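For the numbers below, each heavy atom of this structure counts, side chains included, while hydrogens, waters and symmetry mates do not. These numbers were taken from a predicted model, which means no experiment stands behind them. Naming convention: chains lettered A, B, ... in sequence-line order (proteins, then strands); numbering from 1 in each chain.
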Amino acid sequence: GGGDDGESSGGDGPIVVGISLPLTGDFSEPGKGVQQGYEAWAKIVNDSGGLLGRQVELKILDDQSNADRVVADYEQLIGSDKVDLVFGPFSTRLVVPSARVAEEYGMLFVEPAGAANEVFQQGFKNLFYAAPAVANDHYNYLAEHILALPADQRPKTAAYAAMDDPFAQGTAYGLKAKLEAGGVRTVANEVYPPNTTDFSSIAAKIADSRADVVVGGSQYQDGVNLIVALQQLNYQPKLAAFSTAPTNPEFASAIGNKTEGILSPTGYSQDAPYPSNKEFVEKYTAQFGSPPEEDQANAYTTGQVVAAAVTAVGCAEQGECQQKLVDWVRANKVDTVVGPLTWDETGKPKGAHMIQQWSGGEIKIVLPADAKEAEFLYPKPAW
Amino acid sequence: MPSASDTVTAPGAAPAPPGPAAGRPRLGRVLTIAAVVALAAAVLAFPGLAPNPYILSAGIVVLNYAVLSTSWNFVGGFTGYISLGHGALAGLGGYGTGLLVTKAGLPSLAALVLAMLLVALIAVPIGFAALRVRGASFVIVSIALVLIMLLVFQSWASVTGGSRGLVVPRPFPDLLRPEHHRVFYYLYAGLLALALGVWWLIDRSRFGLGLKAIREDEDKAEALGTPTFAYKLVVFVVSAAFTALSGGLYALWFGDLDPVFQFSILTGSYMVLMALLGGVRNLFGPLVGALVVGTALEFFKGSFGNTPLHLVATGVLLGLVVMFMPDGVLPALRNLFARFDRTRQSSIREVSAAELRDQRLQSTGGKA
Amino acid sequence: MASEIELVDVQAGYGRAAPVLRGFSVAVPAGSVVCLVGPNGAGKSTVLKVASGLLKPRSGKLLVRGRDVSGLGPQRMLAEGVALVLQGHSVFREMTVEENVLLGGYTIADKAKIAERVEFVKDLFPVVADRWRSLAGLLSGGQQKQVEFARSLMVDPKVVLLDEPSMGLDPKATSTIFEQVVRMRDAGAAVLLVEQNARRALETADIGCVLDLGRVHISGPASELLADPQLGELYLGGRPAEPPVAPKR
Amino acid sequence: MPSGALLFQSVILGLLLGGLYALLAAGLTLYFGIMRVVMIAHSAFLILAAYLAWFTHERLGIDPLLSMVVTVPLFFAAGVLMQRGLLSRLRPMTLTMMSVLLTFAIAVLIEGLLGYAFTGTQRRIQLGYGSASIGLFGARIAVVKLIAFGLAAVALLALYLLMKKTKFGWALRATIQQPDAARLVGIDTEKIAGYGFGLGLATAAIGGTALSLDTTIYPSLHWHWIGPLMAIIVVGGLGSVPGAAAAALLLGLMQSLLQIPMGTTWAQTIFYLALFATLAFRPQGFFGGRLAQRF
Amino acid sequence: MTASLETTDLRKAFGGVTALDGATVRFRHGQVNALIGPNGSGKTTFFNCVTGMIRPDSGRTTYRGADITRKAPHAIARAGIGRTFQLCRVFPRMTALDNVLAAVRPGGVLGGLRGARSRAQTDRAREWLTRLGIEHLTDVEARNMSWGQQKLLELAGVLMADPETVLLDEPAGGVNPALLDRIGTLVRELNAEGRTFVIVEHNMDLVMSISDHIVVFDRGRPIAEGPPSMIRTDERVLGAYLGV
Ligand SMILES: Nc1ncnc2c1ncn2[C@@H]1O[C@H](COP(=O)(O)OP(=O)(O)OP(=O)(O)O)[C@@H](O)[C@H]1O
Ligand SMILES: Nc1ncnc2c1ncn2[C@@H]1O[C@H](COP(=O)(O)OP(=O)(O)OP(=O)(O)O)[C@@H](O)[C@H]1O
Ligand SMILES: CC(C)C[C@H](N)C(=O)O
Ligand SMILES: [Mg+2]
Ligand SMILES: [Mg+2]
């Protein structure tokens, strides 16, 4: 609960940033990653003198991965605790309702994890997604690469399995649309609810289709389970791509290290050459003992975007200031750890994701060509 | 005394036991009326007193719970059929309203009322299936209802939006958020008053007594000429209609519907918890329960914010109620008062056979 | 000689309500039948519940062969040789007649003994043998009662407590039960019998005891009670004093 | 039209799944049919057992199956305690309803405590043989699924024999139906009912361990299980262990086969269709069939 | 006199057991009828079939000329047939007064919304409790009553519903003999008001003293019928039932 009503707005007190995160429930794992990213941002900002000369202070509530809660949380943060700024929660499903609260209180709403198209179709005027690309564009480089292969090598058939979740489906169907347009036939297309734990039947159908390509629209655990179930059936595709799961640090051990050739899109690389990234990776590693992953980076990016606006506009409180912040973000380019970002009218970023691939027990960027750390393996080795 | 309790002496029980007991019902009635007036005043004054919009929105959540659990109590309290699936009816009300606004383009209020009617209509076949079975099987069916609805609303994405959810446009787009809250607060208060009024009406009616007879022994009630199935169905539909109204209002207020939360067993079980905590045989039982539980939920959230201990607290609370106050807070309080008044506790026949004969001779004397 | 079972000045009741038994005493010597009669709600079943250990008395004593056993539960009482047949219907409804009867011998370890008793009760109540594999809950009211009685006859208790054993039974089965009561008494058991079929019961009993308002109203040799005209009118019923009256209308 | 190989594979998967369902539902059958208790918390205990298996594997590095050495007696004791300390104190008249709520409370409590202890993160045991499988006429059978199936078969057989052939089984049923009469024939009703409940929970310990071998677990997973399991015991005829087992196999098989044309989500509706069909046409269940108490 | 309640060839088998084996019975209007027979001869099953609580396998029931064979129990109750249960059914957590009041029919859709505890009905309910000697239990919940008290309460409830025809399943079971005389008188009084009774009972004193007409069942069908004087001496009855 919050007790410090209102005193923090304006003046010389700390700038309070209100955030609600899924620290428990379905999205708790990535939710915690986002929390770390936000904390790293606050520390780095404060260590270098704060924003507008004021310290920043995070006020983080747990929404239990529950859409009702997330609304109540932002309601409380904005209406009752009178925070100066808000950052977004994790996952499309929570971003949409909370963005509305922020909108109705006129707050700038930069968010780290509302990647699905839905988010940008609500007509929000204050929302910006702080990452390079929306879900449907995650596989753009991969699609280009596959379709550019010589006809005899190009895969003929593909199987898709996606969680019934706006983000997960967005990634898989983004690729599906492009491959189908390029002549790759869809031979299996499965959707499963978020709480599915038994993937054997889905795997059986995919294996039975003998598709050349398997694409999983996954969050984390569902990806792991699907891969294990496919391996239990001894299915060996030429190409296997799964969203988010393979970039998780736990991934390899979760599937018994049988990771050979698995692909995944990512919006972030620890080795990316962007100016602020080096500082971020260093300081983050110092603070948490391990280098940042995508979720942490997206959170950090969110902080960077808001900080840039605050610094440029020169204010950080509720009221008129917020509209000025929104206008500034809309009109400017912001340099972040995932690269320079700009947004269209709906708050959609205009970039693309890179493609990573597992080989020899490590995950490396393989696409696009100008950023690659390793060669793209195709057809993939057996897993 | 507005109460479904069967232990309470009926008003105007003329030859009832003499002594202190005789004066009590009247005093009790005065106290009750005073309490009701005070409660109503408190409810109406709340928005003016709420320090900020967040508290006001919490008030709406509590009122929503109060309406839901009062609606639940039409079935649970009268007939004793414990439904853990009423959350599904609220969800249907919410989705119905939302879909009618977004897909059919109806104005919000019309959508709300039409959705209520539709849910009442759907409740007929649902009730038809569910009420055929009793006791534990009914509970299972009610749980199944939620799970089915969840499956359907998650999978039938082309209509319901699936797990992407459904966004319901605001009924009053021009209102600022605090004003919006205030309007919905009063709408909910009105709905609560309506639900309470109908419950009260049924409670004191013959229909209500028939429902209570069903609760006690369904076959017996049937043998006495109560059309038990029709009675159950009617009250189920009434309950469903109020639940749907509450759910629909919520959809209009909240704006974002997600199947996972609209069709959650937890919603239904909160209704049960609240009604039970307050006392299912009492008009104000569910309301009291909602005040306690709703406030407690907000409080737990405040104090254990980032742990799942709110679940632990809910579980412990429900367990304590079931173990120690199975009749609810209100009856427990009444028993507490009754303890000072032991005169009416005896159940043994207080007249000997000889006295009984004498009485009888007197009464039959005239007839024979 | 001490009685087989004796209740001394017992107070007992349910929950927090006023007591049902208010200083009740009765003694049943070995080899005799004591019959308890009284109006509905006088407390007769309550007496048997106390005597069998189902209900703990609030005060007063329960003696078995002179030993104070107040407060023991029903299993311990069974071990003391005290068995109760409940009023109403207490068969295990969803078990077969076989299982019901065999459960009557739950405490008997000796298989041969069980088999012998099974033959005995089958013989006594033909319906038990006829319906051996039916679910007991599906029998008619009187058939269930017979199964129940058969179940309790599986053991040979020293003290038998019977709560309205003839209720719902047809005349034949009623006779069988009263015969068994006599047989048990002759075998040296102490029988405490509660009956609303009061005249028949008092004809069988040695001692009668009239209970009213939770106290002994009067007790004495059964034959004397039977002869008492006032008792007859108040408690035992009889030929209607006046013929059925023609009503006013 | 699905290929023959896919059909065959699905049949195998369905049978393996059905076996697991049978084990998971066995406890519910016990409490529900025989003891008149609707044990909503059963699946929460399954998940708890699965977590304990996961935890022993994670922390001690030993095979999760070994955790049963501890969890089975532990759950048995917990069951005895739960019955003696909580359920036996409920009023007999409202037992069925109140037990629903009480066990619901326990389910929520377990979920909350699991979340507190292990966070809401999804967990999965990583076994060396996790993705190993053996071939059978062109189909593949995962080793972990085979182990779970074996556990189920053994546990169910033992349970059946215990209930039908031993004095304990009889005493348990008698206790539930007529506690007073049971006490009067010399049954220690409290002890017996406690053991009965303990037995039910012991099956949850085995079931949870079997479950943990090849699935992801998270604290709120039990809601996902309770619906299908309840449907199984109703279809099987409340209280009949063989009935529940048959219903479980059948429904598991149907679910698996229906997934081919309908997909995972819609295939789950088979449980509820079967539930409603049963209640409409044969409320006493299709395989068990005890008396409907009326008059 | 016309037949009021009539069954033709009712049959009902439960698995292997034939409970009713072609029961054809006529009960006349305005009489006190008794239905007797050994345990398990099908008397209760007969009641259950007549009142619609179980469906006969075949056969017909008519009441005052109308076929009621397939009607729902409540419809049959509304047609004027009330009954009690052998194993005694009361509403356990209701007071005696409410138990009796619950028997009042709402009458029409809106009738259901009328107050349940109107003065007139309450007075009538109290009168029934008094006539059955349990008025001191008016405010006691039924579950806290002794067996016999519950039996009497059930009877009060049925009579409150004011049925034209009353089926009583062992009304005397467990009722004190002194009160039994009372019940006998009551039945005759009510009968004189025009009510028909069908009474299942094993207490022969009561049966013989109050009934006009006796039907004897054995193995699911009537084996004899007639006035008490005739039944008392009928040899088949003596053999099958009275056991002498
Ligand atoms: N479970 C109970 N709770 C509260 N009061 C009870 C309970 N059982 C019986 N009583 C009361 O105790 C008194 C005595 O009951 P009991 O059953 O001993 O009577 P009884 O003499 O056996 O009567 P009957 O001949 O009707 O069986 C009655 O007035 C009854 O109302
Ligand atoms: N639901 C049922 N299922 C199976 N058998 C039944 C069922 N109901 C009754 N029966 C059987 O039908 C026969 C007739 O039973 P019914 O209850 O009608 O007898 P009754 O004449 O009322 O006997 P009593 O005098 O003992 O009450 C009995 O053999 C009984 O076992
Ligand atoms: C890229 C991810 C951070 C996006 C997130 N999983 C979502 O649901 O939108
Ligand atoms: Mg008694
Ligand atoms: Mg009968």
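Looking at E/Arg195 and E/Asp162, a side-chain N of the basic residue comes within less than 4.0 Å of a carboxylate O on the acidic one, giving a salt bridge. E/Arg93 has no carboxylate O lying under 4.0 Å from a charged side-chain N of E/Asp98, or vice versa, which leaves the two without a salt bridge.
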Which side-chain N or O atoms in residues 225-242 of chain B pair as donor and acceptor under 3.5 Å with protein atoms at least two apart or in another chain?
residue: B/Thr226; atom: OG1; partner: B/Ala221; partner atom: O; Å: 3.2
residue: B/Thr228; atom: OG1; partner: B/Glu222; partner atom: OE1; Å: 2.4
residue: B/Lys232; atom: NZ; partner: B/Tyr81; partner atom: OH; Å: 3.0
residue: B/Lys232; atom: NZ; partner: B/Leu131; partner atom: O; Å: 2.8
residue: B/Lys232; atom: NZ; partner: B/Glu218; partner atom: OE2; Å: 2.6
residue: B/Ser239; atom: OG; partner: B/Ser71; partner atom: O; Å: 2.8
residue: B/Ser239; atom: OG; partner: B/His86; partner atom: NE2; Å: 2.8

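No other option in B/Gly210, B/Gly208, B/Ala213 has as many heavy-atom pairs under 4.5 Å with chain E as B/Ala213. Between chain B and the options E/Ala79, E/Pro92, E/Ala102, heavy-atom pairs under 4.5 Å are most frequent for E/Pro92.
For E/Phe217, the ring-ring contact (aromatic ring centres under 6.0 Å, His included) partners are E/Phe46, not counting sequence neighbours.
Interface remark: E/Ile76 contributes no atoms to any contact with chain B (heavy atom separation under 4.5 Å).
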